[in-house]
There are 2 protein chains.
Amino acid sequence: MLRDFIKLSKAISDETRVRILKLLENQELCVCQLMFILEMGQSTVSKHLGILKNAGLIEVRKDWTWSFYKLSKEGMNTYNRKLLKFLSSILNDDSLILKDEERLREVIKKDIKILCNIGKRT
Amino acid sequence: MLRDFIKLSKAISDETRVRILKLLENQELCVCQLMFILEMGQSTVSKHLGILKNAGLIEVRKDWTWSFYKLSKEGMNTYNRKLLKFLSSILNDDSLILKDEERLREVIKKDIKILCNIGKRT
DNA sequence: TATTTATATCCCTTTATCACGATATAGTGA
DNA sequence: TCACTATATCGTGATAAAGGGATATAAATA
């Protein structure tokens with residue numbers, strides 16, 4: 001349906017959301033980890049994740065007190081599957097994407113408990 | 001580059017522009033023909049065509065007094081080529097797209113000179 | 001040259017989107 | 001139960017996009 005396609009298309013028409021998708025290609029991440037990498041407020045990150053989830057591109061896994069987001073694997077329609085595959089093939093040498101991945105490597109070295117508290121006090 | 005991808009993505013994040021692209025899959029069309037099919041004002045159609053052209057998805061051919069738009073063939077980057085191919089594979093059974101193609105068949109039966117005058121007086 | 005025609009551009013109004021702070025919710029641990 | 005934490009949602013102001021009328025431009029024609 002055209003409306004579904006537009007919804008999907010709008011979901012990826014935002015720099016922050018593309019950055020999130022590219023980050024999630026590496027591994028699942030929680031909101032506070034993304035806050036740290038993207039240097040954005042909690043409500044902003046959460047809303048972007050909501051839009052991506054609503055478009056069916058990502059899914060959540062609740063673990064302890066954190067919500068871990070990852071790229072959708074199952075139950076995806078044709079558009080979404082093709083799109084994620086396409087996305088994974090592009091932008092891998094983009095400077096901003098590379099910078100984000102650099103920051104991702106920092107993040108996964110830190111204890112998530114400490115990181116999220118740091119994130120909260122900035 | 002991420003910015004280019006976002007620009008492309010925004011270009012296809014609008015129902016009217018996707019309808020235009022799907023119409024141009026059939027054949028090249030001028031502004032007044034699109035006005036008739038889409039039932040939209042001249043400035044609106046022209047602006048959408050400008051956005052698609054700016055994103056590199058379509059190109060113009062001036063013939064007589066008309067500007068005929070068609071899908072880009074050459075000089076396209078990877079994103080655009082892949083995207084147009086993807087677009088051609090989807091939405092072909094969407095009701096609105098089918099309705100547009102129905103209307104397209106009407107349009108190409110008419111003399112373009114008469115059609116464009118009709119379009120102007122509505 | 002003056003006029004008509006097709007299209008592009010400008011301007012305005014309405015609507016959508018983004019980012020953020022504040023608040024709500026839901027689960028954890030004391 | 002009460003405080004704490006991670007996330008979601010609400011409200012708001014700023015910016016961007018959509019649609020359309022009015023105007024500008026450029027080519028064709030009288």
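We name chains A, B, ... by the order of the sequence lines, and we start the count at 1 in each one. These numbers were taken from a predicted model, which means no experiment stands behind them.
In this structure, A/L34 atom CG and D/dA8 atom C1' are separated by 15 Å, rounded to whole Å. Regarding A/M40, its CE atom lies at a distance of 10 Å from the P atom of C/dC18, rounded to whole Å. One interatomic measurement links the two molecules: CG of A/L49 to P of C/dA19, which rounds to 13 Å at whole-angstrom precision. Here the C1' atom of nucleotide D/dT7 and the CD atom of A/Q33 are 14 Å apart, to the nearest Å. Between the CG atom of A/L29 and the P atom of D/dT7 there is a distance of 11 Å, rounded to whole Å. Regarding B/I58, its CD1 atom lies at a distance of 13 Å from the C1' atom of C/dT7, rounded to whole Å. C/dC20 atom P lies 10 Å from atom NZ of A/K47, rounded to whole Å. Nucleotide D/dA8 holds its C1' atom 14 Å from the CG atom of A/N54, rounded to whole Å.
Each end of the helix from C/dT1-D/dA30 to C/dA30-D/dT1 gets its own axis from five base pairs, and the two axes differ in direction by 10°, given to 10 degrees.
Residues A/E101 and A/N26 form a side-chain contact, since some pair of their non-hydrogen atoms from C-beta on lies under 4.5 Å apart. Within the 4.5 Å cutoff, the side chain of A/L57 has no heavy atoms near those of the A/L71 side chain. When side chains are defined from C-beta on, B/R19 counts as touching A/L2, because their heavy atoms get closer than 4.5 Å.
Checked by atom type and distance alone, the side chain of A/S13 pairs as donor or acceptor with a backbone atom of B/S9 at under 3.5 Å. Checked by atom type and distance alone, the side chain of B/N80 pairs as donor or acceptor with a backbone atom of B/G56 at under 3.5 Å. B/D94 places no side-chain N or O within 3.5 Å of a backbone atom of A/M1 that could act as its donor or acceptor partner.
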Detail all sub-3.5 Å separations between protein N/O atoms and N/O atoms belonging to nucleotides 21-23 of chain C.
| residue | atom | partner | partner atom | Å |
| --- | --- | --- | --- | --- |
| C/dG21 | N7 | A/S43 | OG | 3.4 |
| C/dG21 | O6 | A/S43 | OG | 3.1 |

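Between A/K109 and A/E106, no side-chain nitrogen of the basic residue sits less than 4.0 Å from a carboxylate oxygen of the acidic one, so the salt-bridge criterion is not met. For B/E102 and B/K99, the salt-bridge test fails: no basic side-chain N is under 4.0 Å from an acidic carboxylate O.
Checked against ring pair (Phe, Tyr, Trp, His ring centres under 6.0 Å), B/F68 has no partners two or more places apart in sequence or in another chain. With sequence neighbours excluded, the residues forming a salt bridge (charged side-chain N to carboxylate O under 4.0 Å, His left out) with A/K22 are A/E25, listed by chain and number. Annotation: side chain to side chain contact (heavy atoms under 4.5 Å, CB included) contacts of B/I108 (sequence neighbours excluded): B/Q27, B/L104.
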Name the atoms and distances for all side-chain donor-acceptor pairs under 3.5 Å in residues 28-51 of chain B, with sequence neighbours left out.
| residue | atom | partner | partner atom | Å |
| --- | --- | --- | --- | --- |
| B/E28 | OE1 | B/R61 | NE | 3.2 |
| B/E28 | OE2 | B/R61 | NE | 3.3 |
| B/E28 | OE2 | B/R61 | NH2 | 2.2 |
| B/Q33 | OE1 | B/C30 | N | 2.9 |
| B/H48 | ND1 | B/R17 | NH1 | 3.1 |

Under 3.5 Å donor-acceptor pairs involving side-chain atoms of residues 82-89 of chain B, not counting sequence neighbours:
| residue | atom | partner | partner atom | Å |
| --- | --- | --- | --- | --- |
| B/S88 | OG | B/K85 | O | 2.7 |
| B/S89 | OG | B/F86 | O | 2.6 |

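Near-neighbour residues of DNA chain D inside residues 62-70 of chain B, defined by a heavy atom below 4.0 Å, number-ordered: B/W64, B/T65. If you check residues 9-18 of chain A against DNA chain C, the residues with a heavy atom closer than 4.0 Å are A/K10, A/D14, A/T16, A/R17, listed by number. Within residues 94-107 of chain A, no residue places a heavy atom under 4.0 Å from DNA chain D.
Dashed line: the shortest gap from a side-chain N or O of B/H48 to OP1 or OP2 of D/dG19 is under 4.0 Å.
The side chain of B/I51 lies closest to D/dA18, out of D/dT7, D/dA18, D/dG20.
Across all strands shown, B/L38 has no heavy atoms under 4.0 Å from either base or sugar-phosphate atoms.
Pairs of residues two or more places apart, or lying in two chains, that qualify as salt bridge (charged side-chain N to carboxylate O under 4.0 Å, His left out) and include a residue from residues 5-16 of chain B are A/R3-B/E15. Applying the ring pair (Phe, Tyr, Trp, His ring centres under 6.0 Å) rule to pairs touching residues 13-33 of chain B yields nothing, sequence neighbours excluded.
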request  = Determine, step by step, whether A/I12 and B/F5 satisfy the side chain to side chain contact (heavy atoms under 4.5 Å, CB included) criterion, reporting the C-alpha distance in whole Å, the side-chain angles of both residues, the deciding distance to 0.1 Å, and the verdict.
outcome  = CA-CA 9 Å; A/I12 58 161; B/F5 178 76; 4.0 Å; yes
